[in-house]
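Ligands are counted one by one from 1 in listed order, and the atoms in each one are counted from 1 as well. Source: prediction; values computed, not measured.
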Amino acid sequence: MYYNNDTVIYFNGEFVKAADAKMDLYSQSLHYGYAVFEGIKSYETANGTRIFKAKEHYDRLRHSAQVMQMPFDISTEEMTKLTYEVLEKNNFTNAYIRPVIFCSPNMSLSKGRESYLTIVAWEWTNGYLANKMRLMTSSFARPNPGAFHIDAKVSGHYVNSILACQEAKDKGFDEAILLDANGFVAEGPGANVFIEKNGVLYTPPKGNILPGITRATVLEICDELNFAVQEKLFTAEEMREADAAFYCGTAAEIVALESLDNSVFKKDWEESLGYIIQQAYQHKVLEKDFRLQQQLA
Ligand code: PMP
């Protein structure tokens with residue numbers, strides 16, 4: 001359950017009970033997947049409840065609305081403030097936050113006439129961290145960047161993610177990895193990917209992926225820790241030969257990958273660069289100094 005009778009959400013200019021909020025069945029967003037959204041997390045830190053990378057997420061939400069030509073003019077600062085209010089009203093600390101911008105009733109295939117912002121949240125602590133995921137190469141390709149604004153987080157794009165994820169689960173895997181339209185590894189249904197080979201990390205460059213905020217954070221961590229990392233295309237075959245690999249995303253954080261198409265990565269996760277990045281990421285979201293902690297340890 002995502003909400004109960006007491007849960008408060010922000011909905012189109014006011015705070016209302018989640019149970020009372022209604023969406024129009026004639027919304028263009030429902031019929032055509034024409035909505036944009038974000039997935040954000042807040043953490044209980046020593047400095048209080050903090051939304052991780054709120055600016056980056058709300059800037060991306062605004063970008064998504066803009067490229068999809070939805071009328072929308074709420075600032076990043078205002079949306080951040082509204083989100084803290086949602087958290088406070090529900091007494092949430094560790095939470096997953098889902099802002100969605102959707103459009104008014106309209107059956108025509110034209111840009112949105114009116115848009116509504118809703119911000120919902122639910123309590124959530126990470127459950128993936130201990131699990132190493134077994135991936136399969138999906139038979140579904142990622143959306144072609146010639147057909148979609150793939151750097152935007154658009155609801156309709158996630159039909160592709162559902163197909164890939166369900167296919168993997170039906171075949172006994174934990175998760176899928178999708179290739180781009182040219183056959184190179186792109187990303188997971190809801191996460192970016194890094195592989196490690198001979199002490200160097202590789203991640204697909206921007207162009208065929210959703211450029212994740214966690215991916216950018218991982219690049220930041222690599223820079224801080226002096227880890228060699230390259231944004232470079234690679235194939236599924238090259239990935240199967242990798243020493244180690246991980247997924248990264250706001251919800252998943254840093255998740256160890258065990259295998260791709262049943263080829264097990266050679267290194268123990270605990271020996272990989274990803275493992276250190278996983279610790280560093282935990283420190284960052286909790287606003288702790290990672291290097292200092294390491295020196296003290
Ligand atoms: N790729 C896809 C397709 C996603 O849905 C997500 C999750 N938003 C990501 C990558 C990771 O993005 P972020 O780190 O910004 O959550």
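Ring orientation note: the planes of W122 and Y96 are tilted relative to one another, at an angle of 30° to 60°. Ring orientation note: the planes of F194 and F246 are close to parallel, at an angle under 30° on the 30°/60° scale.
Regarding atom 11 (C) of ligand 1, its nearest protein heavy-atom neighbour is N192 OD1, 3.7 Å. Atom 12 (O) of ligand 1 has G212 CA, 3.4 Å as its closest protein atom, hydrogens excluded (heavy atom only). Nearest protein neighbour of atom 14 (O) of ligand 1, counting heavy atoms only, is T214 OG1, 2.6 Å. Protein heavy atom in closest approach to atom 1 (N) of ligand 1: E187 OE1, 2.6 Å. When hydrogens are left out, the protein atom nearest atom 5 (O) of ligand 1 is Y158 OH, 2.4 Å; that is the closest non-hydrogen contact. For atom 15 (O) of ligand 1, the nearest non-hydrogen atom of the protein is I213 N, 2.7 Å.
The proximity of S161 to ligand 1, defined as any non-hydrogen pair under 4.0 Å, does not occur for either the backbone or the side chain. Contact annotation for K41 and ligand 1: no heavy atom of the residue comes within less than 4.0 Å of the ligand. At a 4.0 Å heavy-atom cut-off, ligand 1 touches P189 through the backbone alone.
If you number the atoms of ligand 1 from 1 as listed, the ones under 4.0 Å from a heavy atom of T250 come out as 13 (P), 14 (O), 15 (O), 16 (O). Short contacts between ligand 1 and K153, defined as distances under 4.0 Å to a heavy atom of the residue, involve ligand atoms 5 (O), 7 (C), 8 (N).
The option from A216, G249, G190 that lies nearest to atom 6 (C) of ligand 1, judged by heavy atoms, is G190.
Rounding to the nearest 0.5 Å places NE2 of H63 at 13.0 Å from NZ of K153.
Contact check on E38 versus R98 returns no salt bridge, with no Lys/Arg side-chain nitrogen under 4.0 Å from an Asp/Glu carboxylate oxygen.
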- Task: Take F37 and Y158 through the ring pair (Phe, Tyr, Trp, His ring centres under 6.0 Å) test and state the conclusion after the steps.
- Result: CA-CA 11 Å; F37 70 103; Y158 284 81; 5.0 Å; yes
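Using modelled atom types, one side-chain atom of N94 and one backbone atom of E44 make a donor-acceptor pair closer than 3.5 Å. A side-chain donor-acceptor contact under 3.5 Å links Q28 to the backbone of S110. Checking side-chain atoms of D268 against main-chain N and O of E271 turns up no donor-acceptor pair under 3.5 Å.
Residue-ligand proximity: H157 is placed with every non-hydrogen atom at 4.0 Å or more from ligand 1. Residue contacts with ligand 1 do not include E38, since none of its heavy atoms lies under 4.0 Å from the ligand. G39 does not count as a contact of ligand 1, since none of its heavy atoms falls under 4.0 Å from the ligand.
Between the side chains of E220 and T217, no donor-acceptor pair is found at a separation under 3.5 Å.
Between R60 and ligand 1, a contact under 3.5 Å exists for at least one N or O pair.
With Y43 as the aromatic partner, R50 does not meet the cation-pi criteria of under 6.0 angstrom to the ring centre and within 45 degrees of the ring axis.
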